[in-house]
Amino acid sequence: LSLFLTSCEFDKGFEEMNVNPAKASQLEVGNKFASVVLRTAGGRYANWRTSLIYQSTLIQHFSSIAGYWSGDRYFRNDGYSTSLWDRYYPESVKQIEDIKSQLTAEGNTGSEMGMTRILRVFIYSRLTDLHGDLPYSEAGQGYNNGILKPKYDHQKDVYMDMLKELEEAVAQIGASTTMETSDLLFQGNTTKWKAWGNSLMLRLAMRMTKVDEPNAKLWAEKAAAAGTMTSNDHISMVQHTNGPAGINKNGHGEVFDADGNPRVSKTFVDWLKDDPRLPILAARRSDGSTDPADLIGMPNGSDGNSVPDSSIYASLHDNLKGTDVPMVFHSYAEVRLLKAEMAFRGWSVPGDAKTHYEAGVKAAMQMLGTIYPKTTAITDAQVAGYLAAKPYDASKGWEMISEQYWAATLLNEYEAFSNWRRTGFPTLVPTSDPGSDTGGPIPRRLIWPESESSTNADNFAEAIARQGPNNMITRVWWDGGN
């Protein structure tokens, strides 16, 4: 015993002596923040599987005859369906919770904490919109609090907390931030961060219109009054580069480099007829022609028998495929179109539905020249001509607003799929395949990883009992589910 006590006494102070004074014991928050933004934009893995193979085909932006493009014919591929979950939880979720914990320990209640909380909401919103109930309040707490089997929170509770988080986060953001060069979204511009926080609040509020209209109205009006994006200069996006590391590259661009199978959907091309965006967004695969007369969309649900030569169909234009083009998280066009819907519903928002609709269409058209500098910019005269030929009709206002939202969210397939499920517009004809996992209907969600049934069995079982079977037709809460 005396020897043991002597040893304990002798060891005092050695913890400090074993720390390298020339090496930081904790990475600076800025370095971590840049990393989590890139991880959230994602590399090839999740963007190929969850974004393009599933969501882009489900809402008929793209189609493919390749059998592994499971979403086009509603096949269930567990690995593809869960790829965002598989990437976000060990990377984005873990990192953002670590940053929030570090800022708390450092006593930081200012801009850096507000920015972190907004990005945190964005990460979880993508996950819950895609899967429904999920680990939220206890997620990412394995290291900090020893929670290795987090509970699944009900999506309604997740939404209520995310909206509260956004309101508090925006209030924390001041006139400046120390994370200027580390801020890959707005380069330290806190005014834009506040605008994005409020715009994200508007997006999430409108997501609830089907199941909780009073709260949807409350939070949408609150967001609009607080100050949302005001121009295409406010777009939340990551400006990618061609290297040096893969994570710096645009994940969609990496997919298009590796996979020549996707074509622009017939549904989308037909809708874009007489739209100045068509020759900017699409080009014929065989020869690169952008003449609208040459641009034919490929029907969804096609295979090698029905489409013996897919080269005659339109592909995404090369100017949009680069690994160095931005990845959009949230656009100004979306904000104006959601405000148009608010006005259509008679909610309190400055301006009428027609004004917001036209501004949203203009923003969606002209942001292409901003985001993709190799494209030909759409002029004010072209926008005016389009709006004159296809004027806003209040009798079908919600449908027109929603269809424009669908067009504006090309390559932001997470948002496109979510808003289509909420509104039902555009009206899509399901594909028909005997191997469909849904029995015909377009999927309403993507599945949870089945591995959760063994690694987090009790919480997984509780989630299934509450939300419904772990398949692609079970609806999430805001889509009218449990």
Peer 1: Test of understanding: with side-chain hydrogen bond (donor to acceptor under 3.5 Å, both in side chains), list the residues that count as partners of S83, not counting sequence neighbours.
Peer 2: T50
Peer 1: Can you classify the ring geometry of Y357 versus Y392 as parallel (below 30°), tilted (30 to 60°) or perpendicular (above 60°)?
Peer 2: tilted
Peer 1: Below 30° counts as parallel, above 60° as perpendicular, anything between as tilted: where do the rings of Y68 and W48 land?
Peer 2: perpendicular
Peer 1: Spell out, as yes or no, whether a donor-acceptor pair under 3.5 Å connects the side chain of T82 to the backbone of W85.
Peer 2: no
Peer 1: Where the side chain of D72 meets the backbone of S64, is there a donor-acceptor pair that is under 3.5 Å apart?
Peer 2: yes
Peer 1: Between W420 and P426, is there a donor-acceptor pair closer than 3.5 Å when you use the side chain of the first and the backbone of the second?
Peer 2: yes
Peer 1: Any donor and acceptor pair, going by atom type alone, linking the side chain of H131 with main-chain N or O of I447 inside 3.5 Å?
Peer 2: yes
Peer 1: Is it true that E97 and R120 make a salt bridge, defined as a side-chain N closer than 4.0 Å to a carboxylate O?
Peer 2: yes
Peer 1: Could you go through the side-chain hydrogen bond (donor to acceptor under 3.5 Å, both in side chains) check for K321 and S315 one step at a time?
Peer 2: CA-CA 10 Å; K321 291 181 179 179; S315 292; 4.7 Å; no
Peer 1: Quick one: does D153's side chain have a donor or acceptor within less than 3.5 Å of a partner on S137's backbone?
Peer 2: yes
Peer 1: Would you confirm whether T128, through its side chain, and G132, through its main-chain N or O, come within 3.5 Å as a donor-acceptor pair?
Peer 2: yes
Peer 1: What orientation do H154 and W477 show, parallel under 30°, tilted 30 to 60°, or perpendicular over 60°?
Peer 2: perpendicular
Peer 1: Answer yes or no: does atom NZ of K210 have more than 12 heavy-atom neighbours from other residues, nucleotides or ligands under 6.0 Å?
Peer 2: yes
Peer 1: With the threshold set at 4.0 Å, does a side-chain nitrogen-carboxylate oxygen contact exist between R421 and D479?
Peer 2: no
Peer 1: Is there a donor-acceptor pair under 3.5 Å between the side chain of D259 and the backbone N or O of N261?
Peer 2: yes
Peer 1: For the residue pair H252 and F256, categorise the inter-ring angle as parallel (less than 30°), tilted (30 to 60°) or perpendicular (more than 60°).
Peer 2: tilted
Peer 1: Does N250 use its side chain to pair, donor to acceptor, with the backbone of P326 at less than 3.5 Å?
Peer 2: yes
Peer 1: Taking the six-membered ring for Trp, are W69 and F62 ring centroids under 6.0 Å apart?
Peer 2: no
Peer 1: With a cut-off of 6.0 Å (strictly less than), are more than 12 heavy atoms of other residues, nucleotides or ligands near NZ of K222?
Peer 2: yes
Peer 1: Around atom CG of D270, are there more than 12 heavy atoms of other residues, nucleotides or ligands at under 6.0 Å?
Peer 2: yes
Peer 1: Please identify each residue that fulfils side-chain hydrogen bond (donor to acceptor under 3.5 Å, both in side chains) with T427, with sequence neighbours left out.
Peer 2: none
Peer 1: When you measure from the side chain of N47 to the backbone N and O of A41, does any donor-acceptor pair fall under 3.5 Å?
Peer 2: yes
Peer 1: Any salt bridge linking E341 with R345? Criterion: basic side-chain nitrogen under 4.0 Å from a carboxylate oxygen.
Peer 2: yes
Peer 1: Check K362 with E358, please: is the shortest side-chain N to carboxylate O separation under 4.0 Å?
Peer 2: no
Peer 1: Closest heavy-atom contact between K100 and M113?
Peer 2: O-CE, 3.7 Å
Peer 1: Show the nearest heavy-atom pair for residues N456 and P150, with the distance to one decimal.
Peer 2: ND2-O, 2.8 Å
Peer 1: Is a side-chain N or O of T57 found less than 3.5 angstrom from the main chain of I53, in a donor-acceptor match?
Peer 2: yes
Peer 1: Do the charged groups of D275 and R277 touch, with an N to O distance under 4.0 Å?
Peer 2: yes
Peer 1: Do you know which of R445, R475, R466 makes salt bridge (charged side-chain N to carboxylate O under 4.0 Å, His left out) with D133?
Peer 2: R466
